[in-house]
Amino acid sequence: MKHIVATLVQDALAELPELAEAARKLAIESTVERTRDASHGDFASNIAMRLAKAARKNPREIAASIVAALGDSHEIDKVEIAGPGFINFYLSPTAFHVELETALRKGADYGRQPLKEGPKILLEFVSANPTGPLHVGHGRLAAFGATVGNLLAAAGYPVIREYYVNDAGRQMDILGASVWLRWLQINGVDVPFPQGGYRGDYIRDMAGIIDTVDLVVPSAADVLDGLPPDAPDGDKETYIDALIATAKKLQGSDGFDHIRQQSLESIRVDIEDDLKEFGVTFDNWYSEQSLAKSGRIDEALTVLEKRGILYKKDGATWFRATDYGDEKDRVVVRENGAKTYFASDIAYHFDKRERGFDYLIDILGADHHGYMARVRAGLDAMGYESDDMEIELVQFVILYRGGKKMQMSTRSGEFDTLRQLRAEVGNDAARFYYVSRSNDQHLDFDLDVAKSQSSDNPVYYIQYAHARIASVFRQLAEKSLQWNQSNGRAQLELLVQAQEKALMTSLSRYPEVLELSANNRAPQHLVHYLRDLANDFHTYYNAHAFIVDDADLRDARLYLIAAAQVIVANGLTILGVSAPEKM
RNA sequence: GUCCCGGUAGCUCAGUCGGAUAGAGCACCAGAUUCCUAAUCUGGGGGUCAGAGGUUCAAAUCCUCUUCGGGACGCCA
């Protein structure tokens, strides 16, 4: 709807050469905005003030000449100059009626842009290590990433959602060793569990069900033979590395791999199921192991080597990250020959571009902010513009119950996993609250509010607007009445009540909100918009009956709320929240 | 120490390329409610936008400094 006004201003400017010159660098669309106050009309442009300096004229004078040059439009009722030089536009009812009609005609597609050719976007999110179930912090990454994905898709971008599985490296060996030890314990081998191991119950559960038929259970003495002391007497890292070596020796490298691979795959599948239940799905699950196997890591290192970006020091191979703005150089190959996570990471991002994606978005936990500089450095060094990569950091989540902050450490075990959270508040509320704040803000997640089924709870308030409209149509049927949609369209002029105007105005904002949310990766705009919209609808509902005797008025009112229902449903769908017919 | 994020009403938060009188929900106060769902409604009070300086016709918004809070700074992943 904004473009109606922008186009008008643009055309007027074309008639005014002396202003057009000054306005050349100005995006007209950016001067037009919704008014905060209905007494200022529907849209206002601040273009006169923006041009004042370049045109060397006072703003009100400029505004006057623009207004004089405005063409006639049946979509504009009135134009006024106000304040220091704002041009206020009052749109005609017709303009709003057309918008309602479009919403009903397009239905689920309303607000969506047609698919663009590009840029092709790779959206990577969650990517939690497969060492255990997702916790509540990952839930926010999942909800935020999925919603940003939906927003980008709605904005017409070809977008692929990807989960990078860190299934290589030492963490996986520790996982394998943890499961192995639990398996030993189940088989009656009396060995202590390492301090540095994964202690969750899921490890024991896996140990009980994984396939180990070919493996011979060693004796406790063999396992403990030659192990250094564990913490607190010794170092837990040294201890667990020795334990991994022992496991490989006793079970054979293949035997240990067998346990490790089953364990991580079992966890990965569990994560995938968890996310699927949460309505979060991926196009690709990209394995770090496959990155090594395909030779991408070596390939990337070779490219860097050739470009002279690597050097040796203290037996390790270093990447000159400082040349690319990082604070210090980083190791890519350790003294012991093992490639670091950073090496995989360079290769992974290189691979994303090699697969043909033009624009990369990584959604990471805030604790990863230290990686931003070096991942960019890696891309730059590989010959790709790091400008084509965007990193969105998501801040932490703090759960509250009964007004008190909850402890969420794994050790306390009080409340930890995404599954527990979903079970307690439901998927809809979880998806909603996770994206209700900007990603760069800490999120206080109040379990009591999220669970409450009242209008205090924005999720229910919005969903209820949708259900309430469905209910009105059910009652219409019960009264053996029918909605004549085309008559409703023809009678929209009858909608003159303040609440009707307000609702129409809110509805017409939807495409603009969607665009804003997508461009800024900011689902919270959509969240707040939907709450406002639901409020406008409920206010209307409380002020006026829809199922009235006057058939023309009734059809028109039903037309309006049917459009509202479409938009509430579309918005909720983008957030991954259900739009129920009944509550 | 360096870097990242933040500080807006009693509480939780909007306010996104600077724009007109800084908004919402909760809480609080006063009313209403035989009515399509009480899974309420109407109205009201409440602000040094952390502080100071700067840029601008215009600053919660941009810049600098100060202060407070959270986080990150490994040959871990």
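Just so it is clear, the structure is predicted and the values come from calculations on it, not from any experiment. In what follows, chains carry the letters A, B, and so on, assigned in the order in which the sequence lines appear, proteins first and then strands, with residues in each chain numbered from 1.
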Legend entry - Nearest-Å distance once atom C1' is located in both B:U8 and B:G43: 25 Å
Legend entry - Euclidean distance for C1', B:A27 against B:G45 (whole angstrom): 13 Å
Inset, instruction - State whether A:K328 places a side-chain N or O below 4.0 Å from either non-bridging phosphate oxygen (OP1 or OP2) of B:G74. - result: yes
Inset, instruction - May I ask you to verify if any side-chain N or O of A:R437 is less than 4.0 angstrom from the OP1 or OP2 atom of B:C13? - result: yes
Inset, instruction - Could you state the atom-to-atom distance from CG of A:N46 to C1' of B:U56 in whole Å? - result: 14 Å
Inset, instruction - May I ask you to verify whether the side chain of A:E33 and the base of B:U16 hold a donor-acceptor pair under 3.5 Å? - result: no
Inset, instruction - With rounding to the nearest 0.5 Å, note down the distance linking OH in A:Y460 to CZ in A:F432. - result: 12.0 Å
Inset, instruction - Check side-chain hydrogen bond (donor to acceptor under 3.5 Å, both in side chains) between A:Y559 and all other residues, then give those that pass, not counting sequence neighbours. - result: none
Legend entry - Watson-Crick or G-U counterpart of B:C65, or none if no pair lies under 3.5 Å: B:G51
Legend entry - Flag side-chain contact, heavy atom, 4.5 Å: A:D362 against A:Y164: no
Inset, instruction - Answer with yes or no whether A:Y464 presents, from its side chain, a donor or acceptor under 3.5 Å of a partner atom in the base of B:U37. - result: yes
Inset, instruction - Rounded to the nearest angstrom, tell me the gap between atom CG in A:N129 and atom P in B:C76. - result: 15 Å
Legend entry - Of residues 542-551 of chain A, the positions that come close to RNA chain B - non-hydrogen atoms, cut-off under 4.0 Å: A:N542, A:H544, A:A545, A:F546, A:I547
Legend entry - A:D173/A:R170 ion pair, N-O < 4.0 Å: no
